[in-house]
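This chain uses plain numbering: 1 for the first residue, then up along the sequence.
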Amino acid sequence: MTKEPFSITAALSRITRADDQYDDGTLEVDESMEVDALSEGALVPKRVRDPDLTRQKLLDAAFGEIRRAGFGGASIANILDVSGCTKGALYHHFSGKAKLVNAVIEECLPGYVDQVWLNELEDVDDILPVMMGQVDRLGGHDAPELLEGGCPLARLASGAGELDEGLRKRIDGVYRYWRRGLASQIGKAQFNKTVRTDIEPSAVAEFVIASLHGFLTRPPALRTRETQDAFAREFARYLNNLRPVA
């Protein structure tokens, strides 16, 4: 019996048949596949490109690299290696290193502030114990992974002299975001009568962030258990002074 010549039209019609018309062994194609090539009459699945996923991989890798090496020391080669992306993909999404850093500042750093510092304060009547706990854990085994090597925001800010004015303003914008968020939570605590009403929330937020920034920018060798305990003790003393007078 002569084999019927292969027909792409016939092959595609088999794919679109109702389920009860499939023969055993018929290739099913889902949303993650597309026709790539033909080999002995078979359809070969091809991975569909996902530009959003590629961009996020580049951002995540750049965020990690900047945390590790700072802006000046960040290596494009390392970012490509970690992300598994090509240089062409990087420059498709970001026209240069400064644009990549700009995206990290605007898209990754606010998320870090939320995840490590602000989210835990949401819907809490008494935020002071939560804030004490955040500092206590800095030297423990449950320290946030995002703080390995220090505060990524502080690390980037410490190299701000290498950046242009626009990027420096964006870094300051992340600090303003943090200050506004923390001041808002302090204001709510005042309403709940768990924080004194004679303090200015924005000033307290500024002092708290500056204190954390100073500690987390110290070299790892100077952030020993002893220095961690001393910092946590004085930080707790400061927060306790925010309690309303009985």
Side-chain angles (χ1 to χ4, degrees), residues 52 54-83 85 87 89-119 121 131 134-135 138 143-187 200-223 231 235:
D52 291 338
T54 298
R55 187 177 187 279
Q56 190 59 53
K57 286 181 177 179
L58 289 165
L59 277 175
D60 291 342
F63 186 34
E65 177 68 3
I66 290 169
R67 287 166 52 199
R68 183 191 70 80
F71 174 71
S75 164
I76 292 295
N78 288 343
I79 292 170
L80 295 177
D81 184 55
V82 171
S83 67
C85 300
K87 183 177 291 189
L90 187 150
Y91 287 106
H92 170 74
H93 290 284
F94 310 100
S95 60
K97 187 175 180 181
K99 293 293 186 182
L100 177 57
V101 172
N102 180 64
V104 167
I105 293 170
E106 294 187 337
E107 300 180 40
C108 298
L109 289 176
Y112 149 74
V113 170
D114 286 337
Q115 183 176 338
V116 176
W117 303 112
L118 294 181
N119 286 349
L121 305 181
M131 295 172 67
Q134 290 175 332
V135 172
L138 292 181
E145 184 179 349
L146 280 169
L147 289 178
E148 289 182 7
C151 171
L153 176 55
R155 178 113 194 188
L156 192 57
S158 66
E162 306 169 24
L163 308 180
D164 63 36
E165 184 63 22
L167 290 176
R168 285 196 294 272
K169 288 181 177 179
R170 287 180 172 88
I171 293 173
D172 187 57
V174 180
Y175 277 110
R176 289 197 302 272
Y177 172 79
W178 188 358
R179 288 193 294 270
R180 284 195 303 268
L182 182 54
S184 175
Q185 296 300 332
I186 294 170
E200 174 55 46
S202 61
V204 172
E206 180 69 45
F207 181 80
V208 167
I209 293 171
S211 299
L212 291 169
H213 180 279
F215 179 73
L216 291 171
T217 52
R218 301 183 74 179
L222 298 180
R223 282 188 280 116
F231 176 72
F235 190 83

To the nearest 0.5 Å, how far apart are [atom1] in [X] and [atom2] in [Y]?
| X | Y | atom1 | atom2 | result |
| --- | --- | --- | --- | --- |
| L58 | S83 | CG | OG | 4.5 Å |
| L147 | Q134 | CG | CD | 10.0 Å |
| L212 | L138 | CG | CG | 7.0 Å |
| L109 | D114 | CG | CG | 11.0 Å |
| N78 | E65 | CG | CD | 4.5 Å |
| F63 | I79 | CZ | CD1 | 12.5 Å |

What closest approach, in Å, do [X] and [Y] show between heavy atoms, and which atom pair accounts for it?
| X | Y | answer |
| --- | --- | --- |
| V104 | A62 | CG2-CB, 3.8 Å |
| A183 | A205 | N-CB, 3.8 Å |
| R170 | E106 | NE-OE2, 2.8 Å |
| Y112 | C151 | OH-SG, 2.9 Å |

Worksheet item: Is the closest side-chain donor-acceptor distance between D60 and Q56 under 3.5 Å?
Response: yes
Worksheet item: Do R168 and D172 meet the salt-bridge criterion of a basic N to acidic O distance under 4.0 Å?
Response: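 The answer is no: the pair does not qualify as a salt bridge.
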Fill in: Salt-bridge contact R55-E107 (side-chain N to carboxylate O under 4.0 Å)
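Salt bridge flag = yes for E107 with R55.
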Worksheet item: Would L121 and I186 satisfy side chain to side chain contact (heavy atoms under 4.5 Å, CB included), going step by step from the backbone distance to the final call?
Response: CA-CA 9 Å; L121 305 181; I186 294 170; over 6 Å; no
Practice prompt. If the plane angle is over 60° it's perpendicular, under 30° parallel, otherwise tilted; pick one for W117 and W178.
Written response: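 Ring orientation of W117 relative to W178: parallel.
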Worksheet item: Using the ring of each side chain (for Trp, its six-membered ring), is F215 parallel, tilted or perpendicular to F231, with breaks at 30° and 60°?
Response: parallel
Using a 3.5 Å cut-off and no angle test, enumerate the donor-acceptor pairs between side-chain atoms of residues 89-96 and protein atoms at least two apart in sequence or in another chain.
none

Item to complete: Spell out, as yes or no, whether a donor-acceptor pair under 3.5 Å connects the side chain of S184 to the backbone of G181.
Response: no
Worksheet item: So does K57 have more than 12 non-hydrogen atoms from other groups sitting under 6.0 Å from NZ?
Response: no
